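Just below is one structure, and these are the notes that go with it.
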Amino acid sequence: VQLQASGGGLVQPGGSLRLSCATSGNIFSLYHMGWYRQAPGKQRELVAHITTGGGTTYSDSVKGRFTISRDNAKNTMYLQMNSLKPDDTAVYYCDTLLYSRGRGYYPSGSWGQGTLVTVSS
């Protein structure tokens, strides 16, 4: 599956953005999906994920501020980001997720091109 993240940009602290992740093909509904981010000089980290059944998980750093969702009819996943902070500055990536009993949910590595979010005054 091909993935394309979009919606990033420059926003002031406290502002909002909505990211989109468009996927190719017509089996999007069969994939668990996730948002990850990578800040300069840091490792890529999980932001949130959503299962095929709509179950969601968030990192502690974004819980209560970000909302992940999916529209299976549009083959698209979203990330609504509110109350943005400078620490949220990063390139945001989307990916399909795999699951194993030992590892839980983990990225498949499809990634695609990310979208840059910059939070600054």
Side-chain angles (χ1 to χ4, degrees):
V1 61
Q2 291 184 322
L3 304 164
Q4 179 63 58
S6 62
L10 174 64
V11 63
Q12 292 187 340
S16 298
L17 281 175
R18 188 176 83 152
L19 306 184
S20 298
C21 174
T23 67
S24 62
N26 58 1
I27 55 173
F28 172 76
S29 63
L30 300 181
Y31 290 115
H32 305 304
M33 298 293 297
W35 285 102
Y36 288 74
R37 67 186 182 186
Q38 187 167 18
K42 295 187 177 181
Q43 289 189 331
R44 196 170 299 188
E45 62 176 2
L46 172 71
V47 175
H49 78 237
I50 185 166
T51 69
T52 56
T56 58
T57 300
Y58 298 90
S59 69
D60 288 343
S61 61
V62 307
K63 200 173 295 183
R65 300 187 297 120
F66 290 10
T67 302
I68 189 172
S69 62
R70 64 190 299 159
D71 186 335
N72 291 338
K74 295 183 178 180
N75 296 327
T76 303
M77 175 180 64
Y78 303 98
L79 185 69
Q80 178 66 44
M81 305 187 296
N82 299 328
S83 302
L84 282 160
K85 305 174 181 180
D87 284 350
D88 295 318
T89 295
V91 178
Y92 284 70
Y93 299 89
C94 56
D95 199 3
T96 57
L97 302 180
L98 303 174
Y99 178 84
S100 72
R101 187 176 299 179
R103 294 179 63 181
Y105 293 100
Y106 60 97
S108 69
S110 300
W111 296 124
Q113 190 171 2
T115 186
L116 176 63
V117 172
T118 303
V119 185
S120 175
S121 54

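In what follows, every heavy atom counts, from backbone to side chain, and hydrogens, waters and symmetry copies are set aside. Owing to the predicted nature of the structure, the values given are computational and were not obtained by experimental measurement.
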> Going by the disulfide (SG to SG under 2.5 Å) test, which pairs reach into residues 16-99, not counting sequence neighbours?
Replying inline: Cys21-Cys94
Please report the shortest heavy-atom distance between [X] and [Y], naming the atom on each side.
| X | Y | value |
| --- | --- | --- |
| Thr115 | Gly8 | OG1-N, 2.9 Å |
| Tyr36 | Val47 | C-CG2, 3.8 Å |
| Trp35 | Ser20 | CH2-O, 3.5 Å |
| Val117 | Leu19 | CG2-CD2, 4.0 Å |

>> Suppose the criterion is salt bridge (Lys or Arg N to Asp or Glu O under 4.0 Å): which pairs have a residue in residues 38-49, not counting sequence neighbours?
In response: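 Of all non-adjacent pairs touching residues 38-49, those that pass salt bridge (Lys or Arg N to Asp or Glu O under 4.0 Å) are Arg37-Glu45.
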Got a sec, which residues hit side-chain hydrogen bond (donor to acceptor under 3.5 Å, both in side chains) with [X], two or more places apart in sequence or on another chain?
| X | result |
| --- | --- |
| Thr96 | Ser108 |
| Ser83 | none |
| Arg65 | Asp88 |
| Asn82 | Ser16, Gln80 |

> If only atom types and distance count, is the side chain of Tyr105 paired as donor or acceptor with the main-chain N or O of Ile50 below 3.5 Å?
Replying inline: no
Restricting to side-chain contact (heavy atoms from CB on, under 4.5 Å), what partner residues turn up for [X], sequence neighbours left out?
| X | result |
| --- | --- |
| Val11 | Leu17, Leu84, Val119 |
| Arg101 | none |
| Thr52 | His32 |
| Ser121 | Pro13 |

Nearest-0.5 Å distance, [atom1] of residue [X] to [atom2] of residue [Y]:
| X | Y | atom1 | atom2 | result |
| --- | --- | --- | --- | --- |
| Tyr58 | His49 | OH | NE2 | 10.0 Å |
| Tyr31 | Leu98 | OH | CG | 9.5 Å |
| Leu116 | Leu10 | CG | CG | 9.0 Å |

> Got a sec, which residues hit ring-ring contact (aromatic ring centres under 6.0 Å, His included) with Phe66, two or more places apart in sequence or on another chain?
Replying inline: none
>> For a side chain to side chain contact (heavy atoms under 4.5 Å, CB included) check, start with the C-alpha distance between Val1 and Phe28, then their side-chain angles and the critical distance, and finish with the verdict.
In response: CA-CA 9 Å; Val1 61; Phe28 172 76; over 6 Å; no
>> Applying side chain to side chain contact (heavy atoms under 4.5 Å, CB included) to Met33 and Thr23, what does each step give before you reach the verdict?
In response: CA-CA 11 Å; Met33 298 293 297; Thr23 67; 4.2 Å; yes
> Hey, are Ser61 and Ser59 close enough side-chain-wise for a donor-acceptor pair under 3.5 Å?
Replying inline: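 The answer is yes; a qualifying pair exists.
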Side-chain donor-acceptor contacts of residues 71-78 below 3.5 Å, not counting sequence neighbours, with atom names and distances?
| from | atom 1 | to | atom 2 | distance (Å) |
| --- | --- | --- | --- | --- |
| Asp71 | OD1 | Ala73 | N | 3.1 |
| Asp71 | OD1 | Lys74 | N | 3.3 |
| Asn72 | OD1 | Arg70 | NE | 3.0 |
| Asn75 | ND2 | Gly25 | O | 3.1 |
| Thr76 | OG1 | Lys74 | O | 2.8 |

